[in-house]
*Asks:* 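Below is one structure. I have some questions about it.
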Amino acid sequence: MSELKIGATVHLTNGMTATVKKLLGEGGQGYVYLVSVNGKDMALKWYKSAPSSSPDKFYKNLRKNADDGAPAPMFIWPEYVTQYEQGSFGYIMKLRPEGYYEFGQFLIARQRFVNVGALLTTAIEICEAYKALHAKGLSYQDLNDGNFFINPKTGHVLICDNDNAFPNGEKSGILGKARYMAPEVVTGQRMPDAYTDKFSMSLILFLVIYMNHPFEGAKVLGHPCMTEEWERKCYGSEILFIANPQDKSNGPVKGVHNNVIARWPAFPAALRDAFVREFTAPILQSPTKRLTEQQWLDILTAVRDDLIRCPYCGKETFVSQTKCMECGKTIQVNNVLVIDKRKLALTDGNMLFIDRDDTPDMRVVHTAQNPNMLVIQNLMSNEIEVQTTQGQIRIVKTNEYLPVKLGLQLKLKIRGYQYIAKIQ
Amino acid sequence: MSLLDVEAVPRRTMTLFLLADVSGSMRGSKIGAVNDAIRNVLPIVNDINDSNADAEIKIAAMTFSSGCNWVYNEPKIAADFDWPDQTAGGVTDLGEACVELANKLSKSHGFMTSGSGSFAPVLILLSDGGPTDDFNGGLDKLKQNNWYKAAIKVAIAIGDDADLEVLAKFTGNIESVIQVHDVESLKKVIRCVVVTSSQVGSKSSSTTAGGAEPATKQDETNKAIAQQLQGADNVQIGTEAANVSMDDNW
Ligand SMILES: [Zn+2]
């Protein structure tokens with residue numbers, strides 16, 4: 001047993017020490033302690049025993065990841081690694097802040113997103129995180145519900161257990177959970193890599209959005225005892241999408257898979273098309289043809305563009321549904337803001353998100369004088385350059401307004417990136 | 001409908017069966033330790049259940065001595081499970097216990113009725129002696145049962161008089177039989193076995209990459225238990241040491 005005592009110190013490879021203050025948690029692989037490093041509170045993951053069949057390789061990889069730094073801010077990344085001492089080793093990471101809950105708590109409905117906007121923020125941040133990880137040439141290898149911590153109010157995501165992140169193509173030797181693995185990994189035809197990560201990520205996205213497992217429908221329910229052998233079939237050789245339009249034998253069961261039954265038609269078609277493509281033949285069996293994170297980001301951005309606050313009841317609904325999903329009133333969209341292929345409805349009360357973060361950049365509101373007169377308020381720190389239909393240039397500063405008027409062209413800058421938007 | 005209306009993603013059920021010997025030889029500190037250990041491990045099982053999106057863990061407990069008896073007539077989640085103090089007495093009808101276990105390992109007329117499906121159950125057998133009835137007959141019936149075949153099985157042999165061969169027949173493997181030789185070790189081992197088997201049994205199975213033979217949940221359980229009990233005093237796993245006292249007639 002390599003449990004550490006309160007007050008014990010472990011040596012970090014950079015010469016610093018970490019002093020154990022408190023046990024925070026225990027998992028199958030190891031312990032997590034509250035430690036003090038240079039007077040700062042941090043977390044120490046300490047392995048019970050070597051977490052891999054080749055511990056030296058694992059340790060070296062951990063040190064390299066710590067030196068290279070986190071691919072994106074969502075990762076609670078190994079910052080320092082301890083010396084190989086007291087029969088084991090570990091790594092130092094930031095403490096998880098308050099207000100974040102394990103994704104599993106959402107799946108068992110102990111935690112809920114406060115709104116669909118927060119849910120979409122979660123989906124977008126997961127894609128951003130893996131895009132950055134894969135761009136660094138790493139693969140995560142073991143994506144499952146235990147890796148994600150989510151703030152239900154904001155949708156912000158933190159990703160833990162980053163010790164399995166290995167250079168793409170190298171195996172960490174860590175086991176994955178069948179329910180979250182790509183079918184070709186479950187059947188043993190392929191090693192976990194960036195492509196199998198993409199499958200697991202799509203699966204997580206499906207769970208976040210539709211709140212049912214994409215491959216657990218009637219057929220899977222038909223096996224009263226889910227043995228390891230059946231798991232290898234249901235998630236491997238005989239995998240079948242719950243919303244497969246050609247083969248409905250694993251379709252959702254009323255009373256059991258109620259979430260996906262309600263949400264599948266409610267969320268935009270672009271999302272349905274993407275999941276059907278990813279999770280049915282031939283793409284399901286073609287790992288290298290899977291959607292890239294950037295493609296997912298474009299799809300999710302379109303979904304968020306489709307989400308509005310109903311001008312009548314103030315609840316969230318999708319423009320593409322025509323009628324408000326809450327109050328049933330028909331929502332008239334007279335004008336849209338077009339950015340490349342994107343279309344944002346200019347309806348009363350709508351918040352406009354131009355870049356992918358969750359801070360609204362503009363909002364649509366009616367004027368006090370005329371409830372039918374809509375204006376756009378600039379919520380950004382940068383000004384908006386507007387070109388009128390007569391070709392004049394007008395500047396709209398922070399918190400100032402421009403009218404919702406056909407033909408106006410907006411130039412706006414967010415984090416150094418310029419967007420051209422046109423009111424249509 | 002509201003976009004935010006949502007219910008829990010259906011979880012499978014993983015039923016943890018505790019089969020406890022309460023025959024006369026368990027009298028005194030042994031039965032006291034069993035009572036104490038089971039009561040103390042229930043809140044831990046509850047925590048595992050609460051943080052697990054793969055399965056809901058339910059507990060079914062049977063005591064056996066002269067005949068056998070279910071503590072509740074249905075599996076219950078740990079939060080709803082009160083372990084009544086057991087008193088020891090009678091003989092060791094392990095054969096009958098096997099038959100009764102086989103009866104309840106059934107979807108149509110037993111305990112395995114979950115509408116959202118089940119994972120293979122965990123069967124934990126605790127005994128300090130040898131069976132006094134037709135164990136082999138009972139076990140033969142149990143061995144026909146598909147739930148039994150798929151189950152993770154662990155046996156805890158209490159004291160020197162436990163019949164290791166019988167327990168190994170029950171688990172199908174001597175590596176899954178853990179011997180304990182004192183009351184404190186017994187408590188520790190019950191906790192370790194219940195927690196570990198709950199953790200492994202209630203999650204989607206592990207898969208290894210690259211075509212390697214996947215580890216079974218039984219292997220994973222055995223390995224994790226062995227790792228935690230490594231070096232523990234008065235505990236032996238499987239055949240790691242010959243715990244026999246040789247008589248003088250050799
Ligand atoms: Zn409405």
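Owing to the predicted nature of the structure, the values given are computational and were not obtained by experimental measurement. We name chains A, B, ... by the order of the sequence lines, and we start the count at 1 in each one.
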*Asks:* Find the one option among A/T227, A/N212, A/T317 whose heavy-atom pairs under 4.5 Å with chain B are most numerous.
*Replies:*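 Most heavy-atom pairs under 4.5 Å with chain B: A/N212.
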*Asks:* Apply ring pair (Phe, Tyr, Trp, His ring centres under 6.0 Å) to A/H257 and A/Y210, showing your working.
*Replies:* CA-CA 10 Å; A/H257 307 109; A/Y210 298 110; over 10 Å; no
*Asks:* Find the distance between CE (B/M62) and CD (B/E100) and round it off to the nearest 0.5 Å.
*Replies:*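 Here the interatomic distance stands at 5.0 Å.
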*Asks:* A/E316 versus chain B, heavy atoms under 4.5 Å apart: side chain, backbone, both or neither?
*Replies:*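 For A/E316, the contact with chain B is made by backbone and side chain together.
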*Asks:* If I compare all heavy atoms of B/K107 with all of B/W147, which pair ends up nearest, and what's the gap?
*Replies:*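 That closest heavy-atom pairing would be N-NE1, 4.1 Å.
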*Asks:* Quick check on A/F106 against chain B: is it the side chain, the backbone, both or neither that has a heavy atom closer than 4.5 Å?
*Replies:* neither
*Asks:* To the nearest 0.5 Å, what is the distance between OG1 (A/T122) and CD1 (A/I150)?
*Replies:* 4.5 Å
*Asks:* Chain A heavy atoms under 4.5 Å from B/N52: which part of the residue, side chain, backbone, both or neither?
*Replies:* backbone
*Asks:* What's the shortest heavy-atom distance between B/A155 and B/L167, and which atoms?
*Replies:*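 Result for this residue pair: CB-CB, 3.9 Å.
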*Asks:* What part of B/Q199 gets closer than 4.5 Å to chain A, counting heavy atoms only: side chain, backbone, both or neither?
*Replies:* neither
*Asks:* Contact part of A/E216 toward chain B, heavy-atom cut-off under 4.5 Å: side chain, backbone, both or neither?
*Replies:* side chain
*Asks:* What part of A/T196 gets within 4.5 angstrom of chain B, counting heavy atoms only: side chain, backbone, both, or neither?
*Replies:* neither
*Asks:* Heavy-atom distances under 4.5 Å only: say whether A/D145 touches chain B with side chain, backbone, both or neither.
*Replies:* side chain
*Asks:* Side chain, backbone, both or neither: which part of A/F103 has an atom under 4.5 Å from a heavy atom of chain B?
*Replies:*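 The answer is neither part of A/F103.
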*Asks:* May I ask you to test the B/N40-B/K187 pair for a side-chain heavy-atom distance under 4.5 Å?
*Replies:* no
*Asks:* Which region of A/E231, side chain (C-beta onward) or backbone (N, CA, C, O), has a non-hydrogen atom less than 4.5 Å from a non-hydrogen atom of chain B, or is it both or neither?
*Replies:*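 The side chain, not the backbone.
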*Asks:* Heavy-atom cut-off 4.5 Å, strictly under: side chain, backbone, both or neither for A/V260 against chain B?
*Replies:* neither
*Asks:* Is A/D193 salt-bridged to A/R190, cutoff N-O under 4.0 Å?
*Replies:* yes
